[in-house]
Amino acid sequence: MQDTRFDLSAFGLSEVARCGVHLREAVSGASSADAAAQVVAEFFHDSLVDGRGDRACPVVGVFLSRPQAAPAAQVVAGPRARQERRLSLAGLSGAYAPWHGTEGSAALDLPVPSPEAARQAPLAYRLLDRLGAWATADPDGAVPPLSGVDVVHVSDSQEDAPDEALRAEGVRSLLAFGGTLSPGEWFAVVLFCRVALAADVVDLFSAVTSSARLALLSGGRPPPALEAEAVRTSLEDMENLVARRAAHLQSTVARLSSVTADLRRSQQELEQRERQLRDEATIVELLQQAGSALAAELDLDTLVQHAVDAATGLSGAAFGAFFYNVLGETGESYLLYVLSGVDRSVFDKFPMPRNTQVFEETFRGLGVMRSDDITADPRYGHNSPHHGMPEGHLPVRSYLAVPVTSRGTVLGGFLRPS
């Protein structure tokens, strides 16, 4: 057996479609529009539930507005008089004293427009007034054109929210939906809800309205053309609803994609910042270690080794070296003093470096030299016999060289290849 209950707190497109099918099945066989209205009231009263499965609408009323012809004895002179209309409570399920007669039967049959109708059925009255149900007939007696459907929602926070008696029953919002039943006839379904309805749920009732109209028409044995028009309208309303939801979903997906991209960028920025902080912490630690070692060291060789180790670590180089500036008989040459990151033996087989264009700036104290690719530097490779790094030399690409001076004299240079 199919479940004919629909959770108002989780009402979606699937519920709209199933609700329409079961509603029309429930009304099938009704002998009149009034009988169909009572079935519709009972259907919503029994089928709509809250998140716990309890009845969501303690009171449901179905109103029909119909033209009422003037008495036969009435004589109309001049232009045809306005055709009187009445608002009738054709279906009621649930206990609501203002809508019951002395014996508990529905007892609202009010002329409209009138203050009494607006007072006793305010939500249905407002809904049908917005749809133009009280418009006058033209001189030929034609009824106003069909004007579609409408939905009115009143939440607990609004001025015309449920009164104290309804709030005592747990009613938190009022929902009315309806429209043209047939030319000159209108309907409105009023739900007293214990569930606070979200805006997207209220929007879904535009399609439920079309299903309710089709169900009410089936009880009055409508002309085939009118029934066909109602079926077409119901399908169009459902298609429009699906289109709106698809557009909303697409917009939501786009927003989520944008938010995801922002979160991804933020995550990348956080990770980058975290790496920077770790690097900074490492630098601080190295500086502290180097400072402590240098402050405690008296041996020059060991002191220079500590300094080169610290500089190599801080710069992130593959290895580093300090060359002492030595002036020989043939001109300047540079003696390897200390090495960090690799074993000193890797330089044992190479001759003493000479005053090449690459080394000149450093050992003459002209300034810091930096190159992302020393092999592409215009100062590289001009000196014979190797014209660059000799065979077997440690691979070097990026290059940083800093002159080390004391009282204006160049002592040597710190080189950081990698």
Using side-chain hydrogen bond (donor to acceptor under 3.5 Å, both in side chains) as the criterion, list what pairs up with [X], not counting sequence neighbours.
| X | value |
| --- | --- |
| Glu269 | none |
| Arg119 | none |
| Glu271 | Gln267 |

Residues two or more places apart in sequence or in another chain: which of them pass side-chain contact (heavy atoms from CB on, under 4.5 Å) with [X]?
| X | value |
| --- | --- |
| Ala118 | Tyr125 |
| Pro122 | none |
| Ser114 | Pro111, Glu116, Ala117 |
| Glu15 | Phe6, Phe11, Arg18 |

Any side-chain heavy-atom pair from [X] and [Y] closer than 4.5 angstrom?
| X | Y | result |
| --- | --- | --- |
| Trp186 | Leu181 | no |
| Arg213 | Thr209 | no |
| Ser88 | Asp34 | no |
| Ser173 | His153 | yes |
| Leu13 | Leu204 | yes |
| Pro98 | Gln120 | no |
| Leu197 | Leu8 | yes |

Between [X] and [Y], what is the shortest heavy-atom contact and its length?
| X | Y | answer |
| --- | --- | --- |
| Val308 | Ser340 | CG1-CB, 3.7 Å |
| Ala176 | Val190 | CB-CG2, 4.1 Å |
| Val27 | Ala215 | CG1-O, 3.0 Å |
| Leu89 | Gly61 | CD1-CA, 4.0 Å |
| Arg194 | Pro58 | NH2-CB, 3.4 Å |
| Ala37 | Val62 | O-CG2, 3.5 Å |

Does any donor atom in the side chain of Gln305 or Asp309 lie under 3.5 Å from an acceptor atom in the other side chain?
yes
Distance from [X] atom [atom1] to [Y] atom [atom2], nearest 0.5 Å?
| X | Y | atom1 | atom2 | answer |
| --- | --- | --- | --- | --- |
| Asp150 | Leu131 | CG | CG | 5.0 Å |
| Asp377 | Tyr399 | CG | OH | 9.5 Å |
| Leu270 | Arg273 | CG | CZ | 10.5 Å |
| Phe192 | Leu123 | CZ | CG | 7.5 Å |
| Thr4 | Leu23 | OG1 | CG | 11.0 Å |
| Leu400 | Met369 | CG | CE | 10.0 Å |

Between [X] (side chain) and [Y] (backbone), is there a donor-acceptor pair under 3.5 Å?
| X | Y | result |
| --- | --- | --- |
| Ser182 | Glu185 | no |
| Arg86 | Asp109 | yes |
| Gln38 | Leu92 | yes |

For [X], enumerate each residue passing the salt bridge (Lys or Arg N to Asp or Glu O under 4.0 Å) test, keeping only those at least two apart in sequence or located in another chain.
| X | answer |
| --- | --- |
| Arg52 | Asp50, Asp54 |
| Asp373 | Arg397 |
| Arg55 | Asp46 |

Could you give all pairs that pass the ring-ring contact (aromatic ring centres under 6.0 Å, His included) test and reach residues 30-52, with sequence neighbours left out?
Phe44-Phe177
From the list Val195, Val171, Leu191, side chain to side chain contact (heavy atoms under 4.5 Å, CB included) partner of Cys57 resolves to Leu191
Suppose we screen for ring-ring contact (aromatic ring centres under 6.0 Å, His included). Which residues come up paired with Phe63, at least two apart in sequence or across chains?
Trp99
